[in-house]
Amino acid sequence: MSEPAGKVSLTGIKPSGEVHLGNLVGAIRPALRLAEQYDSMYFIADYHALTSIRDPQLLRHYSRSVAASWLAAGLDPKRTTFYVQSDVPEIFELNWVLSCVTGKGLMNRAHAYKAARDRNIEAGEDPDVGVNMGLYNYPILMAADILIMETDVVPVGKDQVQHVEYAADIAGSFNHLYGDTYSFKIPQAIIPDTGAGDVLPGLDGRKMSKSYDNTIPLFLPENKLKKLVRRIPTDSTPVEAPKDPDSSAVFQILEQFAPESAADVVADTRKRLEEGGMGWGELKNVLFEVLNAELAPMRERYNAYMEPGSELDEVLARGAERARGRASRVLSAVRKAVGIA
Ligand code: ADP
Ligand code: TRP
């Protein structure tokens, strides 16, 4: 692929944990669908993960495993641009320029920082306890990610919309000062349609999230996947009694995971639950079979990418080269505009 010609969408992926079923349904699939409509760029935001991950081996592992997961899930590096943030040093130079046109007050109001402060105040602590400057400056680095690629749209979950608005704000400040020489494109957040419910439930019925330790990781070996599915809580309604599919976490996972690939199984299962005669054990077997049928080939691709010396490194190196081409063009225009070059 050469330089994007149409509208550009940019997806940033923070490598801060093993990819799970909730991520696949709520983030990966909808983000991959955008490649049909936009010139799509995807990147692993490893320097963003550094604000919270302090174990170097773990950060290295997550960066690799999250990249391998997206590729295994169908990201096509030939049709899109896929790179690692830290492979594009231009981003970090732009980060400084942007921080010089960003008001501190704007950063004080950022959700993540404010939430950390509020928690501290509530606990009677100094408001800034445990807050590092990486957390504080996080939105500026994210603005640099977005602006350096001349991004049109940024697909995000609701919690990230403010960050994209900040990127637009910061671009506005820069354009106001230097717009005669260079203007950033103003990015827009879009919340992609997940085509499913908003939230995939986890093993305890709450939202599946690594912070709740209730996830089904995508690439578990088959026997472990089966065990986890067995752990999803159910009530003691007897086999023969009619059941409400929509109040069952097992059914919700089935329906959200397989709206298309197993539509007939989902419809038939719904009917059998409502009529009575299908027990929770059988429902779990159905869920396991549907999950495993779709995940098994992905798991194989994932494992192949995770082998040392696999194609993964080349794929990311090619992506970085392409991304740097675009970034260096923007950065040199910015350097000229501000009087550095
Ligand atoms: P986690 O909650 O496990 O920390 P992240 O916050 O890293 O997950 O989420 C990464 C992306 O995956 C976000 O776009 C988020 O909306 C999506 N996502 C995470 N968990 C779920 C879920 N249970 N259902 C739907 N989408 C989810
Ligand atoms: N902050 C995003 C998250 O936590 C990750 C991210 C970093 C990002 N840079 C980005 C997302 C640029 C979109 C565009 O999920």
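Just so you know, ligand 1 is whichever comes first in the structure, and atom 1 is the first atom listed for that ligand.
Using a 4.0 Å cut-off between a side-chain N of Lys or Arg and a carboxylate O of Asp or Glu, Glu240 and Arg272 do not qualify as a salt bridge.
Nearest heavy atoms, Tyr113 versus Met107: CD2-O, 3.7 Å.
Within ligand 1, counting atoms from 1 as listed, the ones closer than 4.0 Å to a heavy atom of Lys210 are 1 (P), 3 (O), 4 (O), 5 (P), 7 (O), 8 (O). The atoms of ligand 1 that sit less than 4.0 Å from any heavy atom of Gly26 are 25 (C), 26 (N).
Where the criterion is an N or O separation shorter than 3.5 Å, residue side chain and backbone included, Ser16 fails it with respect to ligand 1. Where the criterion is an N or O separation shorter than 3.5 Å, residue side chain and backbone included, Ser211 fails it with respect to ligand 1. Distances between N or O atoms of Gly22 and those of ligand 1 include at least one value under 3.5 Å.
Using a 4.5 Å heavy-atom threshold, the side chains of Phe184 and Val334 count as touching. Side chains of Ser248 and Leu283 form a contact here, defined as non-hydrogen atoms less than 4.5 Å apart.
Cation-pi geometry between Arg299 and Phe219 is not met at under 6.0 angstrom from the ring centre and within 45 degrees of the axis. Judged by the 6.0 Å distance and 45° axis criteria, Arg318 is not positioned over the aromatic ring of Phe82.
The closest approach between a heavy atom of Val199 and any atom of ligand 1 is below 4.0 Å.
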message: If you apply the rule salt bridge (Lys or Arg N to Asp or Glu O under 4.0 Å), what do you find for Arg270 with Asp246, and how did you get there?
response: CA-CA 9 Å; Arg270 172 181 283 283; Asp246 297 315; 2.9 Å; yes
field: Test salt bridge (Lys or Arg N to Asp or Glu O under 4.0 Å) applied to Lys243 and Glu274, step by step
entry: CA-CA 5 Å; Lys243 300 175 184 64; Glu274 282 169 349; over 6 Å; no
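For atom 23 (N) of ligand 1, the choice among Gln160, Gln256, Met208, Lys14 with the nearest heavy atom turns out to be Met208.
Of the inter-residue distances, the one linking Ile253 atom CD1 with Lys284 atom NZ reads 10.0 Å to the nearest 0.5 angstrom.
Annotation: ligand 2 has protein neighbours Gly12, Lys14, Phe43, Ala45, His48, Tyr138, Met142, Asp145, Ile146, Val154, Gln160, each with a heavy atom less than 4.0 angstrom from the ligand.
Proximity of His20 to ligand 1, defined as any heavy-atom pair under 4.0 Å, is confined to the side chain (atoms from C-beta onward).
Listed by chain and residue number, nothing satisfies the ring-ring contact (aromatic ring centres under 6.0 Å, His included) test with Tyr166 (two or more places apart in sequence, or in another chain).
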